[in-house]
Number of protein chains: 2
Amino acid sequence: MTVSITDVARAAGVSASTVSRALRGRPGVSDEVRTQITAVAAELGYTASRSASSLASGRTYTIGVVAPYIGRWFFGTVLDAAEQVFSAAGYDVLLYNLGSSEARKRFFTKMPVRKRVDAVLSLLIPDEEESAALRSLGVPLASTVGGARPGFTVVGIDDRAGAESAVRHLVNLGHRRIGMIAGASGPLHWTTPIDRRAAYLHVLAEAGIEHDPALVADGDYTVDGGERAMTELLATSRPPTAVFAQSDEMAMGALRALRRHRLRVPEDVSVVGFDDHELADVVGLTTVAQPVAGQGAEAARLLLRQLDEPDSAPAGRVEMPIRLVLRDTTAPPRPRGPQ
Amino acid sequence: MTVSITDVARAAGVSASTVSRALRGRPGVSDEVRTQITAVAAELGYTASRSASSLASGRTYTIGVVAPYIGRWFFGTVLDAAEQVFSAAGYDVLLYNLGSSEARKRFFTKMPVRKRVDAVLSLLIPDEEESAALRSLGVPLASTVGGARPGFTVVGIDDRAGAESAVRHLVNLGHRRIGMIAGASGPLHWTTPIDRRAAYLHVLAEAGIEHDPALVADGDYTVDGGERAMTELLATSRPPTAVFAQSDEMAMGALRALRRHRLRVPEDVSVVGFDDHELADVVGLTTVAQPVAGQGAEAARLLLRQLDEPDSAPAGRVEMPIRLVLRDTTAPPRPRGPQ
DNA sequence: AAACTGAACGCAAACGCTTGCGCAACAGCG
DNA sequence: CGCTGTTGCGCAAGCGTTTGCGTTCAGTTT
């Protein structure tokens, strides 16, 4: 039915071991025989069974990638880049979408990656319990987005610095009532929302602006959530003149809400986002740019390096550059009359 | 080192076969022994090796998903939905990103999915040669997006009807010079761009409007491409008063180009897109909505059904509903003076 | 009481590879 | 011309499951 290594061996008049060595570039095969075997294998359309070879060798040539919300631009882009690096290196990618909490629970109880992968890349740093579970797999681990964790190579950005530059930009423009559309950490325990919030508070304090809790709303990292959050902020007794959204998608939701309220951006309200989403440019969104695909590719590369040099320690945490991109959604506040 | 089925068997005082049967819910094991084995397995943290079990059984409980451009909203969303269906059914997902032509070639020459998957879902209908290669795997096949192909269950939309409704909307508003930002089929041989182009031509002809080839530009299905295409159209001697973009991402690129040219939408130029992108609402884009996640989920479900009932024929082609969504980027053309 | 069930379980043979080891054959050396 | 290396290849023992078949044994039927 399907062609096996012994079929190739028979057709080439050699043993299965020789075929195995020849096809994988192992020494102990003469060039002459090797090319002959390669030709026969190609003619027969032979592909080695991954199940069999990984059972025999212990190597799976597969990387597990766990990601929340693949459909979201950020994670989709990271995944895309990481996958390209892996597949170029001959690794297959086993994808686990842990967006829902059931999926998350299913994954961590059944641990379907056990004995199935050579390494795991998590697109979001898992919480302590979950990372312990991953460590128990005994394979190299990497993560994008989030703080350092023992056993993990993580590539990320300086969230505090990024958020600070965004808020400071608003302060420098003269804004005093600055709102924030925060991302709740939700079921995922990542440090990003926390760091960005801390940065917001820090810059306000630094500028001598008193923090008004009513000016912070949760946007859930989605467009719709951002819209709801902005609507909330507009409903307060003294709405903000500027808003820092912790992601571009929430910022875009905010833009939508503002449009619905017939408020002009940036004349009535300034908005700054975070990420430099592919479409941020389209809507002219001022934002903090970070290398999204770059982080995925870099994390993948570091993981591959660990596989090549098993005794090298995990790389710890590497930081990618960020940059404030000024566009059209931020301006000085409108002068107002006395309240 | 890692715990195997014989470890469990020894600890439970039974044979490996009994453990195997017990854990997979096969008959031939008393309830008493079964619960005891389950407990022991849990205590030892046992997970069956997929390599070994698929080698022995022939089943891999893995689905291969091949997708172009995972980072793009459309495919990311389809993938997300499909993955959820698969993993809920206990299948793992092996992801292959075939965005670049090298990746594509690598995939179809090495065929890494051979003997590795129980079924394949392609997020884009492959060309005839490639689908023949997939058929040679001898597993159920499904695809989203594109026309029917032998051996494939495909779920898609009526591209012609969708595009017609978009262009007809522009005609009904009174536009006569209607441009199109097309998507080149590029290295991928899918029918979508062709169908949408045919629909465009058809509606023009139907309305008695002569087709001007200068009003069609290629946008490559990207935001940047859309911007370039729109810029091209604006550079013609008689620019269009309305544009039909074959995807929302290209439409958003067009919006950006128009903004850069200080042209107002919809007063100066109307724009209609296709897809109902997550952010289409944010920019107020009129578009043809299609169920994106729905197509991924449905294709996944149909594939699983084929796996459950091996003798059932592939479902052929199922069509999902589309709907024109009117927003703010389309309006009647501005009355003009004589030319 | 003997013969016949069926359920519950163990044995052992696959499944298709990888890899340590052994064995020719042959080259180079003194 | 014997000796030691080296090269090229085959043998066979795994790797951790699944599964057809055989065995045991308690319970039922004649």
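Naming convention: chains lettered A, B, ... in sequence-line order (proteins, then strands); numbering from 1 in each chain. All heavy atoms count here, side chains included; hydrogens, waters and symmetry mates do not.
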Roughly how many Å is it from [atom1] in [X] to [atom2] in [N], rounded to a whole number?
{"X": "A/Asp31", "N": "D/dC9", "atom1": "CG", "atom2": "P", "answer": "10 Å"}
{"X": "A/Glu32", "N": "D/dC9", "atom1": "CD", "atom2": "P", "answer": "8 Å"}
{"X": "A/Leu55", "N": "D/dC15", "atom1": "CG", "atom2": "C1'", "answer": "4 Å"}
{"X": "B/Leu44", "N": "D/dG16", "atom1": "CG", "atom2": "C1'", "answer": "15 Å"}
{"X": "A/Arg10", "N": "D/dG10", "atom1": "CZ", "atom2": "P", "answer": "14 Å"}
{"X": "B/Arg34", "N": "C/dC9", "atom1": "CZ", "atom2": "C1'", "answer": "12 Å"}
{"X": "B/Arg26", "N": "D/dG20", "atom1": "CZ", "atom2": "C1'", "answer": "13 Å"}
{"X": "B/Arg50", "N": "C/dC17", "atom1": "CZ", "atom2": "P", "answer": "20 Å"}

Earlier contact from the 5' end, DNA chain C, for A/Ala48 and B/Gly28 =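 With B/Gly28 and A/Ala48 compared, the 5'-side residue is B/Gly28.
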Earlier contact from the 5' end, DNA chain C, for B/Val19 and A/Ile5 |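 With A/Ile5 and B/Val19 compared, the 5'-side residue is B/Val19.
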Are the side chains of A/Thr62 and A/Arg116 in touch, meaning some heavy atoms are under 4.5 Å apart?
->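 A/Thr62 vs A/Arg116: side chains apart.
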Establish, with yes or no, whether the OP1 or OP2 oxygen of [N] is under 4.0 angstrom from a side-chain nitrogen or oxygen of [X].
{"X": "B/Lys115", "N": "C/dC17", "result": "yes"}
{"X": "B/Ser49", "N": "D/dT17", "result": "no"}
{"X": "A/Tyr61", "N": "C/dT18", "result": "no"}
{"X": "A/Ser30", "N": "D/dC9", "result": "yes"}
{"X": "A/Ser20", "N": "C/dT18", "result": "yes"}
{"X": "B/Ser15", "N": "C/dG10", "result": "yes"}
{"X": "A/Arg24", "N": "C/dC17", "result": "no"}

Is A/Arg72 salt-bridged to B/Asp80, going by a charged N under 4.0 Å from an acidic O?
->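 Looking at B/Asp80 together with A/Arg72, the answer is no, because their closest N to O distance does not fall below 4.0 Å.
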SB check B/Lys105 B/Glu102 (cutoff 4.0 Å) |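 Between B/Glu102 and B/Lys105 there is no salt bridge, as every charged N stays at least 4.0 Å from the carboxylate O atoms.
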Spell out yes or no: do the side chain of A/Arg21 and the base of D/dG10 have one donor N/O and one acceptor N/O closer than 3.5 Å?
->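 Pair found.
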Side chain of B/Thr18: nearest nucleotide among C/dC17, C/dC9, C/dT19?
->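 Per side-chain heavy atoms of B/Thr18, the pick is C/dC9.
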Is the NZ or CZ atom of B/Arg59 both under 6.0 Å from the centre of the six-membered ring of B/Tyr61 and within 45° of that ring's axis?
->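 Judged by the rule (NZ or CZ under 6.0 Å from the ring centre, within 45° of its axis), B/Arg59 counts as positioned above B/Tyr61.
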Should the heavy atoms of other residues, nucleotides or ligands under 6.0 Å from CG of B/Asp308 be counted, would the total exceed 12?
->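 For B/Asp308, atom CG is crowded (more than 12 foreign heavy atoms under 6.0 Å).
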Could you check whether A/Ser17 gets within reach of a base, just the sugar-phosphate, or nothing at all, counting any heavy atom under 4.0 Å?
->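 Contact class for A/Ser17: base.
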